[in-house]
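Taking it in order: structure first as structure tokens, then the write-up.
Everything quoted here is computed from the prediction, not taken from an experiment.
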Amino acid sequence: MSRNVVETGKAFRAGTLTPTALTDELLGRIAAENPKLNAFYEVFETEARASAAAATRELRAGVDRGPLHGIPVGVKDLFDVAGTVTTAGAHPGFRPPPAVSDSDVVARLREGGAVLLGKTALHEWALGLSNNNEHFGPTRNPWDKSRIPGGSSGGSAAALAAGMTLLALGTDTGGSIRVPAALCGIVGLKPTYGLVSTRGVTPLSRSLDHAGPMANTVEDVFLMLEAISGFRRSTAPPPRVLLGEGAFFEDVDPEIVRLTRAVAERLGKPSSVDLGDVKRVREANTVILYSDAAAFHEERLKQHPEWFGSSLRDRLPTGLTYRGVDYARARDTQRAWIETLTDLLWEDGVLVVPTTSVPATTIGDPEGAELARLMSRLSAPFNLAGMPVLAMPAGLVQGLPVGVQLVAGPGRESLLYRAGISPGVFRDLRSETFSV
């Protein structure tokens, strides 16, 4: 049964559903479906049942911790959860001892009474777009199990699409929330850089990493954002709609282009803008990302290069080849790009662009750098800028979900919320039929 947080919360408070019953239902679904999809690496069955029972007792006693009280959440296996190992999707030899404390975001979820279901799958060390993890096996897309769910937050997206959780945590360094959201037909939000704490999250690139919410509806994503950060929705002006053409429409499936235009037109009367050649922007993002990642992994690369999967083994050392001047110039490009987008978007602008250029590809074909170029070239520029981006389903192409990105100026998440809930803009694909 398809559920959302808003209606579930109402049912909890009306007494027609309990957190215990919902958690039991979802754990049963995970037991039945996860072997087919590999969306969860670890399930907190005992803890989840205990948390759900506690939430049930509290709500009955009139203790209400907020909208996420009793709501089940999947946690990407990059976030520390006290007492469990944060694998980061890595080789067993690299795995640390169990975390001694929760990451900031997980601590906030606990305070809000959320039920932690388990750790969701990811691409190794969060560096990849397929979730085809050589140490854990591939995660499969619920819409077509021969295809990727996207990465690196692919486990969270697949779990949501398959109805195994109501909410999930993701991270995004070049598109790792938005790409899986697009390929699995769910909603994801990359917040403004720094809005959501990454303390207790295994880094990929400290300069570009964003933590954020993933859900099946726009409303649910923003409820979760409020729970994991200090953000609170406020009144926003009508969006000034900008349709990002040029580089963002080149080499993109024509049907994805059509669907993107349709979203822009439903949002308002769009003005077309060409952001020019963003190749330099993507290259700057690559220099910063790989430099940061190589700095974090340098000793591992020296001591045990054989423990890295093939999709990382050749790419990670690239970061060790960049010079200081290369990094400095990438930062110059970053500053110029932020200025360009800030001037364009100002307080009311919403830029509409596709999330990916194609629907989900077949598992293993392509992979590595080729897949990264294919899947993240339209999303990575907004990591470099640190702008908030709402990723939503745009429709189906050949029976597979594809998505659209709504981009706003820094700190303008409330504008994205207004845009996302505008009549006819969000397309809920849960009514479509697929075989899990």
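Using a 4.5 Å cut-off on side-chain heavy atoms (C-beta onward), Val389 and Leu416 make no contact. Residues Tyr193 and Ile338 form no side-chain contact, since every pair of their non-hydrogen atoms from C-beta on lies 4.5 Å or further apart. Proximity of Thr86 to Phe79: side-chain heavy atoms (C-beta onward) are nowhere separated by under 4.5 Å. Contact annotation: the side chain of Pro393 approaches that of Phe426 to within less than 4.5 Å [non-hydrogen atoms, C-beta and beyond]. In this structure the side chain of Val404 never reaches within 4.5 angstrom of the side chain of Leu259, judged on heavy atoms. In this structure, the side chains of Met224 and Leu169 come closer than 4.5 Å at one or more pairs of heavy atoms. Contact annotation: the side chain of Pro96 approaches that of Val85 to within less than 4.5 Å [non-hydrogen atoms, C-beta and beyond].
Between the side chains of Ser197 and Asp104, at least one donor-acceptor pair of N or O atoms lies under 3.5 Å. Judged by distance alone, the side chains of Arg323 and Tyr327 never bring a donor and an acceptor atom under 3.5 Å apart.
Annotation for Asp220 and Ala215: closest pair CB-CB, 3.6 Å, computed over non-hydrogen atoms. Between Ala121 and Thr139, the closest heavy-atom pair is CB-OG1, 3.2 Å. Counting all heavy atoms, side chain and backbone alike, Thr342 lies closest to Pro410 at OG1-CD, 4.2 Å. For the pair Trp307 and His91, the tightest heavy-atom approach, listed with the atom from each and the gap, is O-CB, 3.2 Å.
A salt bridge links Glu33 with Lys36: at least one charged nitrogen is closer than 4.0 Å to a carboxylate oxygen. Using a cutoff of 4.0 Å between basic side-chain nitrogens and carboxylate oxygens, Glu413 and Arg418 are not scored as salt-bridged. Between Glu219 and Arg233, at least one side-chain nitrogen of the basic residue sits less than 4.0 Å from a carboxylate oxygen of the acidic one, meeting the salt-bridge criterion.
Remark: Glu370 pairs with no residue by the side-chain hydrogen bond (donor to acceptor under 3.5 Å, both in side chains) rule, at least two apart or across chains. In this structure, the salt bridge (charged side-chain N to carboxylate O under 4.0 Å, His left out) partners of Arg65, at least two apart in sequence or on a different chain, are Glu58. The side-chain hydrogen bond (donor to acceptor under 3.5 Å, both in side chains) check on Ser310 picks up Glu134, with sequence neighbours excluded. With sequence neighbours excluded, no residue forms a side-chain hydrogen bond (donor to acceptor under 3.5 Å, both in side chains) with Thr340. Considering only residues two or more places apart in sequence or on other chains, Ser153 meets the side-chain hydrogen bond (donor to acceptor under 3.5 Å, both in side chains) condition with Lys76. Legend: residues meeting salt bridge (charged side-chain N to carboxylate O under 4.0 Å, His left out) with Arg232, ordered by chain and number and at least two apart, are absent. Residues satisfying the salt bridge (charged side-chain N to carboxylate O under 4.0 Å, His left out) criterion with Glu45, sequence neighbours excluded, are Arg49.
In this structure, CG in Leu390 is found 5.0 Å from CZ in Phe222, a value given to the nearest 0.5 Å. Here the CG atom belonging to Asp292 is positioned 8.0 Å from the CG atom belonging to Asp209, to the nearest 0.5 angstrom.
Remark: Arg206 CZ is loosely packed, at most 12 non-hydrogen atoms of other residues, nucleotides or ligands lying under 6.0 Å away. Within 6.0 Å of CZ in Arg199 there are 12 or fewer heavy atoms belonging to other residues, nucleotides or ligands.
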Donor-acceptor pairs under 3.5 Å, side chain of residues 178-189 to any protein atom, not counting sequence neighbours: which ones?
residue	atom	partner	partner atom	Å
Arg178	NE	Asp172	OD2	2.9
Arg178	NH1	Ser379	O	2.9
Arg178	NH1	Gln405	OE1	2.8
Arg178	NH2	Asp172	OD1	2.8
Arg178	NH2	Asp172	OD2	3.4
Arg178	NH2	Ser379	O	3.3
Arg178	NH2	Asn383	OD1	2.5

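Pairs passing the side-chain hydrogen bond (donor to acceptor under 3.5 Å, both in side chains) check and including a residue from residues 355-369, sequence neighbours excluded, read Ser130-Glu367, Asn132-Glu367. For residues 379-389, there are no salt bridge (Lys or Arg N to Asp or Glu O under 4.0 Å) pairs, not counting sequence neighbours. Every pair tested for ring pair (Phe, Tyr, Trp, His ring centres under 6.0 Å) that includes a residue from residues 262-284 fails, sequence neighbours excluded, so the list is empty. Applying the salt bridge (Lys or Arg N to Asp or Glu O under 4.0 Å) test to residues at least two apart or on different chains, none of the pairs has a partner in residues 387-400.
When atom types are taken as modelled, the side chain of Asn4 and the backbone of Leu166 share no donor-acceptor pair closer than 3.5 angstrom. When atom types are taken as modelled, the side chain of Trp337 and the backbone of Pro381 share a donor-acceptor pair closer than 3.5 angstrom. The closest donor-acceptor contact from the side chain of Thr192 to the backbone of Gly411 lies under 3.5 Å. Under the 3.5 Å distance criterion, the side-chain polar atoms of Ser152 are left unmatched by any main-chain donor or acceptor of His123.
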